[in-house]
Number of protein chains: 2
Amino acid sequence: MVIRVLIADDHSIVREGLRMFLGRDSEVALVGEAANGVEAVSRARELRPDVVLMDLLMPEMDGIAATAAIRSELPETEVIALTSVLESAAVIGAVKAGAIGYLLKDTQAPELLKAIKAAAAGQVQISSQASAYLVREVRTSEIREPLTERETEVLHLLAQGRSNKEIARDLHVVEDTVKVHVKHILAKLGVQSRTQAVLCAMRLGLVPTERGKGLRNG
Amino acid sequence: MVIRVLIADDHSIVREGLRMFLGRDSEVALVGEAANGVEAVSRARELRPDVVLMDLLMPEMDGIAATAAIRSELPETEVIALTSVLESAAVIGAVKAGAIGYLLKDTQAPELLKAIKAAAAGQVQISSQASAYLVREVRTSEIREPLTERETEVLHLLAQGRSNKEIARDLHVVEDTVKVHVKHILAKLGVQSRTQAVLCAMRLGLVPTERGKGLRNG
DNA sequence: CAAAACATTGCCCATAGGGGTAATATCATG
DNA sequence: CATGATATTACCCCTATGGGCAATGTTTTG
């Protein structure tokens, strides 16, 4: 039985490369392509592929959201995250969204085909580098106390370079309150300053990296 | 006369895709491939291609450095930056390094081939989105005073969440000196706090984003 | 050589930031 | 209902941070 594969990647060059890679193996058949997350979900719905090769960075809807949507709707369809960045937040996010595999785009054809076959059989096939992040995540998830809703809100504002006073104004509370939240955030993240908190948060993917959004007056 | 093209990209999938794209046109011939910057430079030296399609994010030596090296050594060889990220710092860096083109990886085959032919003829072919960054750069380059070497050094440490005291220790100077540097950095970047400076610097690409390197005790 | 830019140090001062402690109201959950 | 988590406010205290001003030696540049 051939394994039916759907490709979701916004780069036509990558899709072309994958097409060639997949063409080398008779057990695998490319049944469709998508150029963004929304398209990936609707294509998956129509085609019901066995495996989706999902890029994570895509317009409209990112690959993690698309993965979550597909996995919840089509539990038979397995998703392999195929991305160029090896990033903690991306790995954790993809796995939490239901991806069974996480491969980098520098993967060679044989290894990719092996991963597709493994995924079709429901077997986890994850790059060793990516699994290192999983180990770290699991190891630190107990240590790292989760932030409360309010603290998360404050952290987002911290990550925009706001001062305590400004945050207080934004949240319609007194500055002292903000200072308490910041204090708790620092403690939970295990850092000593708001700058470190922001860096840590970005590293852990706790805040959107928001390139281009800008500061108050950058 | 066929245009001799060298591909430099660390992703085999991308190389495969480009190989297909280039194969569609008889005026273009793929003469070599490289998987990192160092390899790109040495291959360019041997093969003396007309055009190099250069990925920017590569191990060993990044595409910008490779572009600069190739352009200084082989002025006949034109470089087209071909990357998946549309980022101000990347565009500016590539252009400053001597790239004649900047294309995104979601470029379609016809457009890519057109760009290669233009580059071989010494004509600038840059994506309109990328040129927007150039416009902004030129417009703001007069406003934004460049950081001195020392200030850049301090900024790097700021971006690691270091305090003034720690930076002073690292640089073997007195804390007061660091404070002056920080002061100047804030003024030049037009921000009010070190946290904003870090965010601004990351946004402008003034500091390596260094995901995964970690803080003192993240 | 002279001028400009730069790195460095020093000092004063006001504010922002962060640690500790504690009390109160609310809300969810056992 | 009672307990615990959360949000909020309010202190105190100390350090970190950042702005302004000035001076000196060094390097770069015109």
Side-chain angles (χ1 to χ4, degrees), chain A residues 141-204 206-207 215-218, chain B residues 141-204 206-207 215-218:
Chain A
S141 59
E142 298 176 37
I143 301 169
R144 191 171 71 242
E145 308 164 73
L147 298 182
T148 70
E149 195 177 333
R150 198 58 160 181
E151 286 161 356
T152 305
E153 206 169 350
V154 172
L155 181 57
H156 281 7
L157 293 168
L158 281 183
Q160 286 165 27
R162 297 282 195 282
S163 68
N164 290 339
K165 194 172 294 185
E166 291 172 326
I167 294 173
R169 231 187 305 112
D170 282 11
L171 299 183
H172 306 291
V173 296
V174 164
E175 186 182 348
D176 285 303
T177 304
V178 176
K179 289 169 79 170
V180 174
H181 290 316
V182 171
K183 194 189 308 181
H184 291 161
I185 291 170
L186 298 185
K188 287 185 178 179
L189 296 185
V191 296
Q192 286 76 39
S193 75
R194 61 207 294 109
T195 304
Q196 288 184 3
V198 170
L199 292 170
C200 178
M202 294 199 312
R203 198 160 47 80
L204 295 176
L206 298 179
V207 294
L215 308 170
R216 285 217 319 281
N217 52 0
Chain B
S141 60
E142 297 176 39
I143 302 168
R144 191 172 71 243
E145 306 164 74
L147 298 182
T148 70
E149 194 177 334
R150 199 58 161 179
E151 287 161 354
T152 305
E153 206 169 349
V154 172
L155 181 57
H156 282 8
L157 293 168
L158 281 183
Q160 287 165 27
R162 296 281 196 284
S163 68
N164 290 339
K165 195 172 295 184
E166 291 173 326
I167 294 173
R169 229 185 309 112
D170 281 12
L171 299 184
H172 307 290
V173 297
V174 166
E175 187 181 346
D176 284 304
T177 304
V178 176
K179 289 169 74 171
V180 173
H181 290 316
V182 171
K183 195 187 307 182
H184 291 160
I185 291 170
L186 297 185
K188 288 185 178 178
L189 296 185
V191 296
Q192 286 76 38
S193 75
R194 61 207 295 109
T195 304
Q196 287 183 5
V198 170
L199 292 170
C200 178
M202 296 200 310
R203 199 160 47 80
L204 295 176
L206 299 179
V207 294
L215 308 169
R216 284 220 317 282
N217 51 0

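Source: prediction; values computed, not measured. Excluded from the calculations below are hydrogen atoms, water molecules and symmetry mates; all remaining heavy atoms, backbone and side chain alike, are included.
The SG atom of A/C200 sits 10.0 Å away from the CG atom of A/L186 when rounded to the nearest 0.5 Å. To the nearest 0.5 Å, the span separating CG on B/D176 from NZ on B/K183 amounts to 9.0 Å.
When rounded to the nearest whole Å, the span between CD of B/Q196 and C1' of D/dG18 equals 12 Å. Protein atom NE2 of A/H181 is 15 Å distant from nucleotide atom P of C/dG18, rounded to whole Å. Rounding to whole angstrom units, CD of residue A/E175 and P of D/dT8 are separated by 15 Å. One can place CG of A/L158 at 12 Å from C1' of C/dG18, the figure rounded to the nearest angstrom. What separates NE2 of A/H184 from P of D/dT8 is a distance of 12 Å, to the nearest Å. When the C1' atom of D/dA22 is taken as reference, atom CG of B/D176 falls 13 Å away, rounded to whole Å. Spacing between atom CD1 of A/I167 and atom P of D/dA7 amounts to 15 Å, rounded to whole angstrom units. Residue B/Q192 contributes atom CD, which lies 16 Å from atom C1' of C/dG17 at whole-angstrom precision.
In this model, the phosphate group of C/dA7 is approached by a side-chain N or O of B/T148 to a distance below 4.0 Å at OP1 or OP2. Distances shown here put every side-chain N or O of A/K179 at or beyond 4.0 Å from the OP1 or OP2 atom of C/dA16. Under 4.0 angstrom from either OP1 or OP2 of C/dG17 there lies at least one side-chain N or O belonging to A/N164. Between B/R150 and C/dC6, a side-chain N or O to OP1/OP2 separation shorter than 4.0 Å is absent. OP1 and OP2 of D/dA16 both lie 4.0 Å or more from every side-chain N or O belonging to B/S163. In this model, the phosphate group of D/dA16 is approached by a side-chain N or O of B/K165 to a distance below 4.0 Å at OP1 or OP2.
Checked by atom type and distance alone, the side chain of A/Q160 never pairs as donor or acceptor with a backbone atom of A/L157 at under 3.5 Å.
Between B/V154 and the options B/T177, B/L171, B/L147, B/V173, a side chain to side chain contact (heavy atoms under 4.5 Å, CB included) holds for only B/L171. Each of B/R162, B/R194, B/Q196 was evaluated against A/T195; a single residue qualifies, B/R194, per the side chain to side chain contact (heavy atoms under 4.5 Å, CB included) test.
One cannot find a donor-acceptor pair under 3.5 Å joining the base of C/dG17 and the side-chain atoms of A/K183.
Among the nucleotides D/dA10, D/dA7, D/dG18, the one closest to the side chain of A/E149 is D/dA7.
For B/V178 and A/V180, each mapped to the nucleotide of DNA chain C holding its nearest heavy atom, the one lying further toward the 5' end belongs to B/V178. Comparing A/L186 and B/E151 against DNA chain C, the residue whose closest nucleotide sits nearer the 5' end is B/E151.
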